[in-house]
2 protein chains.
Amino acid sequence: MLVNPKPSEAGQSTHDKVYRTLRARIMHGEILPGKSLTLRGVGKEFDVSMTPAREAMRRLVAEGALSMSLSGRVSTPELSNERLEELAAIRALLEVELASRALPRAHMALIDRLQSINSGITEQVVKQDGAGYIRANLEFHRTLYLRAQAPAMLAMAETVWLQIGPTMRALYSRMRRNEPPHNHRLIIAALKAGDEPGLRLAVRMDVTHGLRHLAT
Amino acid sequence: MLVNPKPSEAGQSTHDKVYRTLRARIMHGEILPGKSLTLRGVGKEFDVSMTPAREAMRRLVAEGALSMSLSGRVSTPELSNERLEELAAIRALLEVELASRALPRAHMALIDRLQSINSGITEQVVKQDGAGYIRANLEFHRTLYLRAQAPAMLAMAETVWLQIGPTMRALYSRMRRNEPPHNHRLIIAALKAGDEPGLRLAVRMDVTHGLRHLAT
DNA sequence: ACTCCCAATTTGTTATGGCAGTTGGCTGCG
DNA sequence: CGCAGCCAACTGCCATAACAAATTGGGAGT
């Protein structure tokens, strides 16, 4: 290991691969809330030393994707009811604005793309694949918001997605998901019609929906 | 250095002190945009090794307070005109909501406090102290938003403040700041009157203001 | 059977050193 | 005088090891 530190490959540095992998897992809800991660454990899994593992995990902590106890122990966060509602409110704020900004730039090619993603979502629903559902759902939103040409706002929205990932997945299990993405259809319809108020409402509902199934 | 690693004092770990100090400097605009920071340089300044320096700097990069080149070099960001406007739009979104949520809980004690901070701002203006002005200004906003009982939203707003810190300070220099905080007075008046639309408008103006002085 | 306590293990923190890529200035040529 | 190419210093990345705190588990005592 001393001989070949493998400095920079095609992609990025070592910790970046760890970071991206963990980030995707968390955002898609592949890790349950409360699961604790250790530096040496993550390092061993990715076959790196503690240093890049620490790097990746601390970055995720900074983004709110992981939470850290006072002693430095790191785990996926268990969100309180209040916090989850607050994060949903932030999503509503940001994503309504993103959708609104994307509206004037939404051509037919985009709408086709969204419809295609939407049928992909339905697939994941029938397969009962929670992580796949979340991934496809986020792809729908990201595809739309990319048109807003507002990278900082989109990044901020993704940070929120990251924070709610594990909890959303846990919620997914307990709600009987048989419904196809109704709100997404409303979004697409509003895009076609150029109906901004309708679009804002549909996005807000889609984002706020799914929080009415809590017991805490 | 090997003998006394000084593990954990009253406060937090070593990197945390570095982080907090740097963070405050950046948020208050004490560092100009484009200034580059090195691991060994920061480490030497705080009399620590590269490891905690790296920790703190990477965390700030993750929060958008610092930007990193492809080679890993870290510097304070130089924001484009578009990005600055986008960040201001995010501020408007979040802070209008925060103020609105704080309104029903704003009692006289809070308003007194805000007025006191406000006169402190005027002091900084006559002293021509840019960093002091920014610090007092942010304290005004934070004091108000704390009443909103929305920690995630407040944290997100602070992240934006962090990103615009150096640029705001650079802008401060080139705009002749003789005006006392007019918009803050409007905010206070709206709070007293319980006027929510007026409050939202005043906050939006205060947050959006100050971006009309760009040349880029 | 339950509680308390201590020791072994786990885990995070930091300093250090070697390695590789980057940078900036300097030399030498046109 | 200007520019290309090169070299030395600088800088970041990672593995490793020593250390301290926290956690855990079992054993002793009641």
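In this text, all values refer to a predicted model and were calculated from it rather than measured experimentally.
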Chemist: Does a side-chain N or O from A/Arg54 land closer than 4.0 Å to OP1 or OP2 of C/dT13, or not?
Modeler: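 Answer is yes, contact under 4.0 Å.
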
Chemist: If you only use heavy atoms from C-beta on, which nucleotide in D/dA22, D/dA15, C/dT13 is closest to the side chain of A/Arg73?
Modeler: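 Between D/dA22, D/dA15, C/dT13, the one nearest the side chain of A/Arg73 would be D/dA22.
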
Chemist: Send over the distance from A/Glu55 CD to C/dG12 C1', rounded to a whole Å.
Modeler: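 Going from A/Glu55 (CD) to C/dG12 (C1'), I get 15 Å.
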
Chemist: Tell me which of A/Ser69 and A/Asp16 sits closer to the 5' end of DNA chain D, going by the nucleotide each one is nearest to.
Modeler: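 Here A/Asp16 is the residue nearer the 5' end.
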
Chemist: Hey, does A/Arg20 have a side-chain heavy atom less than 4.5 Å from the side chain of A/Asp16?
Modeler: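 The answer is yes, as the side chains (C-beta and beyond) meet within the 4.5 Å cut-off.
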
Chemist: Taking A/Thr76 for the side chain and A/Gly34 for the main chain, is one N or O donor matched with an acceptor at less than 3.5 Å?
Modeler: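 Between the backbone of A/Gly34 and the side chain of A/Thr76 there is a qualifying donor-acceptor contact (under 3.5 Å).
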
Chemist: Going by distance alone, is a donor N or O of one side chain under 3.5 Å from an acceptor N or O of the other, for A/His209 and A/Asn183?
Modeler: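 The criterion, which ignores hydrogens and geometry beyond distance, is not satisfied for A/Asn183 and A/His209.
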
Chemist: Are any of B/His15's side-chain N or O atoms less than 4.0 Å away from OP1 or OP2 of C/dT13?
Modeler: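 No, outside the criterion.
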
Chemist: Quickly, which of B/Arg135, B/Lys35, B/Arg23, B/Arg169 forms a salt bridge (charged side-chain N to carboxylate O under 4.0 Å, His left out) with B/Glu30? Name it, please.
Modeler: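 Output: one option passes, namely B/Arg135.
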
Chemist: How would you label the contact of B/Leu70 with the nucleic acid (heavy atoms, under 4.0 Å): base, sugar-phosphate, or nothing?
Modeler: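 No contact.
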
Chemist: Can you find a side chain N or O atom of B/Ser71 that sits less than 4.0 Å from OP1 or OP2 on C/dT22?
Modeler: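 Checking C/dT22 against B/Ser71, no side-chain N or O comes under 4.0 Å of OP1 or OP2.
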
Chemist: Identify, between B/Gly41 and A/Arg40, the residue whose nearest nucleotide on DNA chain D lies closer to the 5' end.
Modeler: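 Result of the comparison: B/Gly41.
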
Chemist: Measure from CE on A/Met50 to P on D/dC13 and round the result to the nearest Å.
Modeler: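 Whole-Å distance recorded here is 18 Å.
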
Chemist: What's the closest nucleotide to the side chain of A/Ser13 if the choices are D/dT11, D/dC14, C/dT13?
Modeler: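 The nucleotide sitting nearest to the side chain is D/dC14.
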
Chemist: Take the protein atom NZ of B/Lys44 and the nucleotide atom P of C/dA15, then report the distance between them rounded to whole Å.
Modeler: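 The distance from NZ of B/Lys44 to P of C/dA15 comes to 15 Å, rounded to the nearest Å.
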
Chemist: Is any side-chain N or O of B/Ser49 closer than 4.0 Å to OP1 or OP2 of C/dT14?
Modeler: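 So the side chain of B/Ser49 is outside the cut-off, no N or O lying under 4.0 Å from OP1 or OP2 of C/dT14.
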
Chemist: Let me know which of B/Gln149, B/His141, B/Arg142 forms a side-chain hydrogen bond (donor to acceptor under 3.5 Å, both in side chains) with B/Tyr145.
Modeler: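 Among the candidates, only B/His141 passes.
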
Chemist: Using a cut-off of 4.0 Å on non-hydrogen atoms, how would the nucleic acid contact of A/Leu39 be classed: base, sugar-phosphate, or nothing?
Modeler: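 A/Leu39: base contact, heavy atoms under 4.0 Å.
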
Chemist: For D/dC14, take OP1 and OP2 only and decide whether either is under 4.0 Å from a side-chain N or O of A/Thr51.
Modeler: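 Looking at the OP1 and OP2 atoms of D/dC14, neither is under 4.0 Å from any side-chain N or O of A/Thr51.
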
